[in-house]
Amino acid sequence: MNENGSLISAEDPNAIHLVVLTGMSGGGKTVALRALEDLEFYCVDNLPSALLPQLVEAATRGDNRRRRIAVGVDVRNRDEDFRHMPQVLSALAANVHVHLIFLDCSDAVLTKRFSETRRRHPLASRRMSLADAIAEERRLLRPLMAIAERVIDSSDLNVHQLRRLVATGYAQTTAGLTLMFQSFAFRRGLPLDSDFVFDARCLPNPHWEPTLRPLSGKDAAVRDFLDKQPLVGEYFDDTARWLDAWLPRFEADDRSYVTISIGCTGGRHRSVYLVEKLAAHYRAGRESVLTFHRELE
């Protein structure tokens, strides 16, 4: 880790990184795993610790070997699985860069999240209340939290903030600059984590087409509508040309992560369309490109 808490990548470009995500149910492990998947980690959820060496061996051999692996581990595994985890990770660390990340959250926020989503806690039963299940989970996970490389408290983080935090910390395991394109609605305010902001409100608005209004920029009908607008094509070309000219300057300055935000009035049509199109454009030549759609989450 560097002084900012970000992962320091190994000098060897072929180094293998294994990220093990664990923590409290409802703490954001699924969100974190998806963020790593966006960074092209090979992701597996709920894998018993005894199978970790086999997974690493299988994923890192042959012509399609993976250099970045992420595994989610939670209380759906057995109690003895957690007791053996430290020894398993220690053995793997002889050949692999192992990073144990613990997703924590306050009991009050966990209770609220389970109540709002109406999900059942994995340990809850007729004889165990939600509060007791959370307390038991903390007891089971305490040894892993004690040896974690990083503990992330998601109590005050929304989905976007957590995904950015995880992606920023582990973008350095990827080659080159990681780009995050995100769409948003100006009426709900600017995303505070933006490095660049582009305003798409000058473009033709699908919102005024009754059949397109309930759709988003991800839908084929909206894409077809915007593809036919010359002004939209001109806007995309100018934006991509500007980014093509300036992103290499950030790479030369050792930046590892840049966020490009594109806004429109409602954050559903034009901005979403442009984010998806720009992401597809840059994925053709870059290893790590992420997309977030604030108003669609």
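Treat the numbers as computed from the prediction; the structure is a model and nothing was measured. Just the heavy atoms: all of them, side chains too, but no hydrogens, waters or symmetry mates, feed the values below.
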Where is the tightest heavy-atom contact between [X] and [Y], given as atom of each residue plus distance?
{"X": "Phe181", "Y": "Leu243", "value": "CE2-CD1, 4.0 Å"}
{"X": "Lys29", "Y": "Gly23", "value": "NZ-O, 3.3 Å"}
{"X": "His269", "Y": "Leu212", "value": "NE2-O, 3.1 Å"}
{"X": "Leu215", "Y": "Ala221", "value": "CD1-CB, 3.9 Å"}
{"X": "Leu36", "Y": "Ala70", "value": "CD1-CB, 3.7 Å"}
{"X": "Arg150", "Y": "Leu165", "value": "NH2-CD1, 3.5 Å"}

Within this structure, what is the [atom1]-[atom2] distance for the pair [X] and [Y], rounded to the nearest 0.5 Å?
{"X": "Leu247", "Y": "Arg286", "atom1": "CG", "atom2": "CZ", "answer": "5.5 Å"}
{"X": "Leu162", "Y": "Asp153", "atom1": "CG", "atom2": "CG", "answer": "10.5 Å"}
{"X": "Arg163", "Y": "Leu33", "atom1": "CZ", "atom2": "CG", "answer": "11.0 Å"}
{"X": "Met180", "Y": "Ser261", "atom1": "CE", "atom2": "OG", "answer": "6.0 Å"}
{"X": "Leu18", "Y": "Leu52", "atom1": "CG", "atom2": "CG", "answer": "6.0 Å"}
{"X": "Asp195", "Y": "Ile260", "atom1": "CG", "atom2": "CD1", "answer": "7.5 Å"}

Tell me, do [X] and [Y] make a side-chain contact under 4.5 Å, heavy atoms counted?
{"X": "Phe184", "Y": "Val197", "result": "yes"}
{"X": "Arg65", "Y": "Ile16", "result": "yes"}
{"X": "Glu149", "Y": "Ile101", "result": "yes"}
{"X": "Ile147", "Y": "Met85", "result": "no"}
{"X": "Phe41", "Y": "Val71", "result": "no"}
{"X": "Leu274", "Y": "Leu226", "result": "no"}
{"X": "Val275", "Y": "Gln182", "result": "no"}
{"X": "Ser216", "Y": "Val222", "result": "no"}

Does Tyr42 OH have over 12 foreign heavy atoms under 6.0 Å away?
-> no

Quick check: are there more than 12 heavy atoms from other residues, nucleotides or ligands sitting under 6.0 Å from CH2 of Trp242?
->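 More than 12 within 6.0 Å, yes.
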
Just grab all the salt bridge (charged side-chain N to carboxylate O under 4.0 Å, His left out) pairs involving residues 178-188, residues at least two apart or on different chains.
->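 Qualifying pairs: Arg188-Glu295.
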
Among residues two or more places apart or on two chains, list those pairs meeting salt bridge (charged side-chain N to carboxylate O under 4.0 Å, His left out) that have a residue in residues 214-238.
-> Asp238-Arg241

Who pairs with Glu136 by side-chain hydrogen bond (donor to acceptor under 3.5 Å, both in side chains), at least two apart in sequence or on another chain?
-> Arg139

Do any N or O atoms from the side chain of [X] and from the backbone of [Y] form a donor-acceptor pair under 3.5 angstrom?
{"X": "Thr22", "Y": "Val73", "answer": "yes"}
{"X": "Thr111", "Y": "Asp107", "answer": "yes"}
{"X": "Arg283", "Y": "Val289", "answer": "yes"}

Are [Y] and [X] connected in a single hydrophobic cluster, I mean Ile/Leu/Val/Met/Phe/Trp/Tyr linked by side-chain heavy atoms less than 4.5 Å apart?
{"X": "Val109", "Y": "Val151", "answer": "no"}
{"X": "Leu141", "Y": "Phe114", "answer": "yes"}
{"X": "Leu89", "Y": "Phe102", "answer": "yes"}
{"X": "Tyr282", "Y": "Trp246", "answer": "yes"}
{"X": "Ile262", "Y": "Leu190", "answer": "no"}

Among Ser25, Ser155, Ser154, whose side chain to side chain donor-acceptor pair (under 3.5 Å) with Arg113 holds?
->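 Answer after filtering Ser25, Ser155, Ser154: Ser154.
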
Over 60° means perpendicular and under 30° means parallel, so classify the ring planes of His99 and His17, tilted if in between.
-> parallel

Stepwise, does the side chain to side chain contact (heavy atoms under 4.5 Å, CB included) test hold for Ile69 with Val96?
-> CA-CA 10 Å; Ile69 306 167; Val96 176; over 6 Å; no

Would you say the ring centroid of Phe250 lies under 6.0 angstrom from that of Phe196?
-> yes

Who passes side chain to side chain contact (heavy atoms under 4.5 Å, CB included) against Asp132, sequence neighbours left out?
->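 Applying side chain to side chain contact (heavy atoms under 4.5 Å, CB included) to Asp132 gives Met128, Ser129.
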
Side chain to side chain contact (heavy atoms under 4.5 Å, CB included) partners of Ala135, counting only residues at least two apart =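 If we apply the side chain to side chain contact (heavy atoms under 4.5 Å, CB included) test to Ala135, skipping adjacent residues, there are no hits.
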
Could you walk me through whether Phe236 and Leu278 pass side chain to side chain contact (heavy atoms under 4.5 Å, CB included), step by step?
-> CA-CA 8 Å; Phe236 170 83; Leu278 284 166; 3.5 Å; yes

Would you check, one step at a time, whether the test side chain to side chain contact (heavy atoms under 4.5 Å, CB included) holds for Phe292 with Val159?
-> CA-CA 10 Å; Phe292 294 168; Val159 170; over 6 Å; no

Show the numbers, then the answer: is there a side chain to side chain contact (heavy atoms under 4.5 Å, CB included) between His121 and Leu110?
-> CA-CA 10 Å; His121 191 282; Leu110 288 175; over 6 Å; no

Quick one: do Arg270 and Ser183 satisfy side chain to side chain donor-acceptor pair (under 3.5 Å)? Show the steps, please.
-> CA-CA 9 Å; Arg270 295 164 291 181; Ser183 64; over 6 Å; no

Donor-acceptor list for residues 198-210 side chains, cut-off 3.5 Å, not counting sequence neighbours:
from	atom 1	to	atom 2	distance (Å)
Asp199	OD1	Arg201	N	2.9
Asp199	OD1	Arg201	NE	3.0
Asp199	OD2	Arg201	NE	3.2
Asp199	OD2	Arg201	NH2	2.7
Asn205	OD1	His207	N	3.0

